[in-house]
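Scroll down for the structure; my scribbles are underneath it.
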Number of protein chains: 2
Amino acid sequence: MAALSTAVASGRKKRGEGHTRREEILQAAKELFLEEGYNATTIRRIADRVGVSAPALYLYFHDKEAMMLALCDQTFGRLIERITDIENTVSDPLERVRRFGDAYARFGLEHPDEYRLVFIGNNIPESVRKVGHRMPIDDPTRPGVGGALVFTRLVALLSQLEASGVKLNYPPDTCAELCWMGIHGVVAAMIMKPEFPWSNRELLIKGMQDIVIRGILK
Amino acid sequence: MAALSTAVASGRKKRGEGHTRREEILQAAKELFLEEGYNATTIRRIADRVGVSAPALYLYFHDKEAMMLALCDQTFGRLIERITDIENTVSDPLERVRRFGDAYARFGLEHPDEYRLVFIGNNIPESVRKVGHRMPIDDPTRPGVGGALVFTRLVALLSQLEASGVKLNYPPDTCAELCWMGIHGVVAAMIMKPEFPWSNRELLIKGMQDIVIRGILK
DNA sequence: ATAGATAAGTTATCAATGATAAGTTATCAA
DNA sequence: TTGATAACTTATCATTGATAACTTATCTAT
């Protein structure tokens with residue numbers, strides 16, 4: 001049964017093209033994480049979808065968590081893009097804050113796994129830090145900092161709001177914390193308890209939005 | 001090396017005393033979940049700590065998740081006690097809501113590990129729902145309803161508030177969700193990122209308290 | 001061309017884990 | 001004292017993340 005023994009379309013990458021395989025892995029991992037969640041996604045299924053053996057993934061990623069973290073940064077980069085977009089297209093400082101909250105909440109609900117990982121935390125077995133692995137390909141973009149960046153942007157927006165003459169009930173960073181905590185509460189709740197009969201999503205997002213903005217304005 | 005062959009202090013429970021073993025398991029599981037997290041806690045380690053074999057746990061719990069759920073309800077129960085206490089001692093409807101939020105936040109910050117376990121829901125593998133297991137001992141207290149209970153209480157408080165003549169911006173259950181999400185956002189943030197330079201705790205709690213109450217009142 | 005170096009990938013295998021099957025032993029009621 | 005059964009045990013699975021050790025394709029320098 002060795003029909004067509006040669007030219008069997010080996011998926012092997014040429015020299016120097018390993019990074020494309022790395023991106024194929026990320027793509028497959030992303031699909032599976034989103035389809036079935038992090039825990040339910042196995043290394044083998046990712047490898048199957050890519051079309052390589054399971055250990056091949058370890059040529060490009062330290063471990064399973066590293067794949068998720070890489071995806072997180074990739075995805076959070078898009079959120080930061082959106083925020084930058086808002087800053088570039090919206091001039092009114094208060095409207096900027098509003099749009100930030102909206103983009104943030106929507107992003108969280110569209111990417112629950114990434115959101116959980118970065119903002120809800122500790123989902124991944126980080127406690128067991130192993131040593132002595134290899135991880136031959138060192139990726140330049142250190143993962144795991146996307147979350148703090150987003151928050152920093154919100155603080156900046158609220159400082160601008162205050163600088164524009166709007167009186168706040170708290171210092172800008174406290175306002176940012178309260179705004180973020182409120183919206184985060186909505187997103188975290190809906191992500192972590194999706195089976196609970198929450199009220200309408202849009203109503204809750206807009207409601208919290210209104211509440212925190214009313215609450216920080218003097 | 002069979003010294004003292006008899007009367008070897010078998011840990012075996014007498015007939016009808018199985019429920020005490022169940023509680024021993026819960027205690028051990030709780031300790032380990034809090035020490036090392038859900039994923040890092042193995043069935044075998046729980047069994048070791050209790051002093052029984054691993055499969056013995058399956059006499060009392062359907063699976064690992066069921067232990068977690070039972071612990072969740074246990075903790076929810078303690079919070080519900082406090083809420084009942086407030087209902088019995090405070091008569092003013094708005095003050096009741098305020099006290100609810102205060103008790104809730106304080107409960108979370110006084111028991112950060114348990115709060116994390118219950119409300120942040122570290123890592124319950126919700127996606128993979130299995131079927132066809134056995135679970136021979138049917139425990140009377142069906143797990144997994146504690147969260148709904150807390151909300152029911154808060155909804156009731158807000159319904160009473162509305163009934164007392166106070167106009168709300170949203171239906172009582174939506175108000176309850178928004179209130180809870182706001183306070184939860186504060187507690188969850190401070191618990192999960194304790195190293196972050198948050199503003200003053202009391203300020204944030206009181207601030208969010210004020211914000212959500214102002215926000216739901218017309 | 002071709003031999004050495006090495007990127008890219010394989011097969012075989014681990015230990016750990018959640019869970020089940022099937023057998024054992026202590027306890028109690030009749 | 002016996003039969004039922006609650007309360008276990010030992011043995012065993014399949015699956016999982018991860019590693020070791022080997023193979024093969026591709027590029028470079030001679």
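Sequence lines set the chain letters: A, B, ... in the order given, protein chains first and strands last, and positions in each chain run from 1. Model, not experiment: these values are computed from the prediction.
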Q: Measure the acute angle between the ring planes of B:Tyr38 and B:Phe33, then classify it against the limits of 30° and 60° as parallel, tilted or perpendicular.
A: tilted
Q. Separation of B:Arg12 atom CZ from D:dA6 atom P, in whole Å?
A. 12 Å
Q) For DNA chain C, what are the stems built from at least three Watson-Crick or G-U pairs in a row, each pair having both distances below 3.5 Å? A) C:1-30 with D:1-30
Q.
Need to verify one output field. Residue with the more 5' nearest nucleotide on DNA chain D, B:Glu17 or B:Arg44?
A. B:Glu17
(Q) From the set D:dA18, C:dT27, D:dC8, return the single nucleotide nearest to any side-chain atom of B:Arg15. (A) C:dT27
**Q.** Salt-bridge contact B:Asp102-B:Arg106 (side-chain N to carboxylate O under 4.0 Å)
**A.** yes
Q: Take the protein atom CD1 of A:Ile25 and the nucleotide atom P of C:dA8, then report the distance between them rounded to whole Å.
A: 11 Å
Q. With respect to the side chain of B:Pro55, which nucleotide from D:dA18, D:dT9, D:dC8 is positioned closest?
A. D:dT9
**Q.** Worked verdict on B:Trp180 versus B:Phe100 for ring-ring contact (aromatic ring centres under 6.0 Å, His included)
**A.** CA-CA 10 Å; B:Trp180 179 80; B:Phe100 176 101; 9.9 Å; no
Q.
Ring centroids only, cut at 6.0 angstrom: are A:Tyr115 and A:Tyr104 within range, meaning strictly under it?
A. yes
**Q.** For atom NZ of A:Lys64 and atom P of D:dT19, their distance in whole Å
**A.** 14 Å
(Q) Output the rounded distance in Å from CG (A:Asn39) to C1' (D:dT15). (A) 14 Å
Q: Could you state the atom-to-atom distance from CG of B:Leu57 to C1' of C:dT20 in whole Å?
A: 14 Å
Q.
Consider side-chain hydrogen bond (donor to acceptor under 3.5 Å, both in side chains). Of A:Lys13, A:His19, A:Arg49, which one does A:Glu24 pass it with?
A. A:Lys13
Q: Using a heavy-atom cut-off of under 4.0 Å over every strand shown, decide if B:Thr20 touches base, sugar-phosphate, or nothing.
A: nothing
Q: Compare side-chain N and O positions of A:Tyr58 against OP1 and OP2 of D:dA20 and report whether any pair is under 4.0 Å apart.
A: no
**Q.** Distance, rounded to the nearest Å, where B:Tyr60 contributes OH and D:dA6 contributes P
**A.** 11 Å
Q: Taking only Lys NZ, Arg NE, NH1 and NH2, and the carboxylate oxygens of Asp or Glu, determine whether A:Glu110 and A:Arg82 approach each other closer than 4.0 Å.
A: yes
**Q.** Distance test, side-chain N/O of B:Arg21 to OP1/OP2 of D:dC8, below 4.0 Å
**A.** yes
Q: Could you check whether B:Ser53 gets within reach of a base, just the sugar-phosphate, or nothing at all, counting any heavy atom under 4.0 Å?
A: base
**Q.** Interatomic distance, B:Asp63 CG vs C:dT17 C1' [rounded to whole Å]
**A.** 14 Å
Q) Just checking, any donor-acceptor pair under 3.5 angstrom between side chains of B:Arg153 and B:Thr84? A) yes
Q. If you check every side-chain atom of A:Leu59, which of D:dA7, D:dG17, C:dG9 has the closest atom?
A. C:dG9
**Q.** Pairwise 5' ranking along DNA chain D for B:His19 and B:Ala54, keeping only the more 5' one
**A.** B:His19
Q | Protein-nucleotide distance (B:Ile43, atom CD1; C:dT20, atom C1'), rounded to Å | A | 13 Å
